[in-house]
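Chain letters run A, B, ... following the sequence lines, proteins first, then strands; residues in each count from 1.
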Protein chains: 2
Amino acid sequence: MVSTSDGKKNNIMTMSWHMLLDFTPVLACSIGPWDYSYKALKKTGECVLCVGGADIMETVVDIGNCSGKDVDKFEKFSITAKKAEKVKAPLIEECIFNLECKVLEEHVFGNDWNVFVLEGVSAWHNTQRKEQRAFHAKGDGTFFVDGDHIDLRNRMTRWQDVI
Amino acid sequence: MVSTSDGKKNNIMTMSWHMLLDFTPVLACSIGPWDYSYKALKKTGECVLCVGGADIMETVVDIGNCSGKDVDKFEKFSITAKKAEKVKAPLIEECIFNLECKVLEEHVFGNDWNVFVLEGVSAWHNTQRKEQRAFHAKGDGTFFVDGDHIDLRNRMTRWQDVI
């Protein structure tokens with residue numbers, strides 16, 4: 001999810017489409033004028049990426065199926081905003097991870113595909129919560145939960161040796 | 001993975017960083033001049049995205065840890081190139097899914113972050129292979145396999161009703 005604050009009100013949206021761009025905390029995500037959060041993100045250049053656990057999957061989906069223009073999502077879904085360190089957008093206490101981000105760049109691909117490049121400036125991990133598995137959108141309202149964790153670090157060569 | 005053909009030779013690379021951009025088959029991915037496949041992708045404007053199963057995870061990782069400038073990866077890893085329908089880059093028989101793609105656009109974020117926008121033009125699903133679980137990079141040579149599949153389609157409102 002993505003939390004924002006326009007200075008008056010906190011808001012949060014659900015976002016499936018994102019990817020890393022570097023081995024440093026730089027990532028791209030698809031947020032556009034069709035999202036109510038777009039204005040606050042554009043105005044402040046700040047947000048928090050909030051990774052929910054598999055135990056709050058329904059809430060995360062429901063947050064993505066209504067708009068901050070109609071409701072106060074924090075109240076409606078009983079989620080807890082916490083003060084972030086380096087941005088004005090709030091952390092979400094119920095999440096596994098919170099990544100405070102600043103906007104580096106925006107680009108519109110084609111006529112319609114808005115992409116923001118974000119840089120993580122502070123990261124939080126809620127190690128106290130029991131469910132540590134995240135989940136991922138497959139599309140069309142279906143999801144999968146993190147399965148087996150596989151460590152293949154011994155197969156990785158140094159990046160510099162490959163390219 | 002991403003397969004390409006420069007007209008003389010097929011090549012394949014492993015790619016972790018990609019995301020959807022639309023409800024149609026349009027997606028963004030991070031491929032840049034540091035990748036040997038970049039030249040062929042840029043020249044032909046075509047590639048195939050090939051989704052390996054959890055049973056060939058080591059091969060997929062190893063394919064990402066050597067360069068097509070040094071080796072014929074198809075020979076080295078005994079993978080099978082098959083003729084695609086709409087692009088010259090090959091399908092990979094051992095994969096679960098193959099998505100033939102054409103480049104729509106390229107953009108460089110900052111000075112370093114190359115992003116291609118691709119459009120899927122033909123899709124293949126190998127329903128015969130037993131292992132249908134994909135896997136995903138967590139970073140630093142660690143991965144997770146698809147876990148439980150969750151269907152929350154009944155919670156999805158029509159997109160038009162939300163925005």
Interface residue of largest heavy-atom contact number with chain B, from [options], under 4.5 Å:
| options | result |
| --- | --- |
| Gly139(A), Cys29(A), Gly32(A) | Cys29(A) |
| Trp17(A), Phe144(A), Trp113(A) | Trp17(A) |
| Asp151(A), Asn154(A), Asp146(A) | Asp146(A) |

At what distance, to the nearest 0.5 angstrom, does CZ of Phe143(B) lie from CG of Asp148(A)? 14.0 Å
Spatial distance of atom NE2 (His18(B)) from atom NE2 (His18(A)) [nearest 0.5 Å]: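 With rounding to 0.5 Å, NE2 (His18(B)) is 10.5 Å from NE2 (His18(A)).
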Within a strict 4.5 Å, meaning less than it, do heavy atoms of the Ile150(B) and Val145(A) side chains meet? yes
State yes or no: do [X] and [Y] share one hydrophobic cluster built from I, L, V, M, F, W and Y residues joined by side-chain heavy-atom distances below 4.5 Å, directly or via other members?
| X | Y | result |
| --- | --- | --- |
| Met156(A) | Leu152(A) | yes |
| Val2(B) | Val121(B) | no |
| Val48(B) | Phe97(B) | no |
| Val87(B) | Leu91(B) | yes |
| Phe74(A) | Phe77(A) | yes |

Check for me whether the distance between the ring centres of Phe135(B) and His149(A) falls short of 6.0 Å.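 Centroid distance Phe135(B)-His149(A): not below 6.0 Å, so no.
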Residue part contacting chain A, namely of Leu21(B), when any heavy atom lies under 4.5 Å: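 Both backbone and side chain of Leu21(B) come within 4.5 Å of chain A.
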Given that the side chain runs from C-beta out, which part of Phe109(B) has a heavy atom under 4.5 Å from chain A: side chain, backbone, both or neither?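 The answer is both parts of Phe109(B).
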Show your reasoning for whether side chain to side chain contact (heavy atoms under 4.5 Å, CB included) applies to Val115(B) and Met19(A). CA-CA 11 Å; Val115(B) 171; Met19(A) 65 176 178; 4.0 Å; yes
Please determine whether side chain to side chain contact (heavy atoms under 4.5 Å, CB included) holds for the pair Met57(B) and Arg155(A), giving the CA-CA distance in whole Å, both sets of side-chain angles, and the decisive distance to 0.1 Å. CA-CA 11 Å; Met57(B) 198 181 299; Arg155(A) 299 184 97 89; over 6 Å; no
Mark yes when over 12 heavy atoms from residues, nucleotides or ligands other than Lys9(B) sit less than 6.0 Å from its NZ; otherwise mark no.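 Atom NZ in Lys9(B) is crowded, with more than 12 foreign heavy atoms closer than 6.0 Å.
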Distance-only donor-acceptor check, side chains Thr157(A) and Asn65(B), under 3.5 Å: yes
Quick one: what part of Ala28(A) sits under 4.5 Å from any heavy atom of chain B, side chain, backbone, both or neither?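 Ala28(A) touches chain B through backbone and side-chain heavy atoms alike.
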With a 4.5 angstrom heavy-atom cut-off, could you sort out which part of Leu104(A) is near chain B: side chain, backbone, both or neither? side chain
Of the listed residues (Asp112(B), Asp62(B), Val61(B), Leu27(B)), which shares the most heavy-atom pairs with chain A below a 4.5 Å separation? Asp62(B)
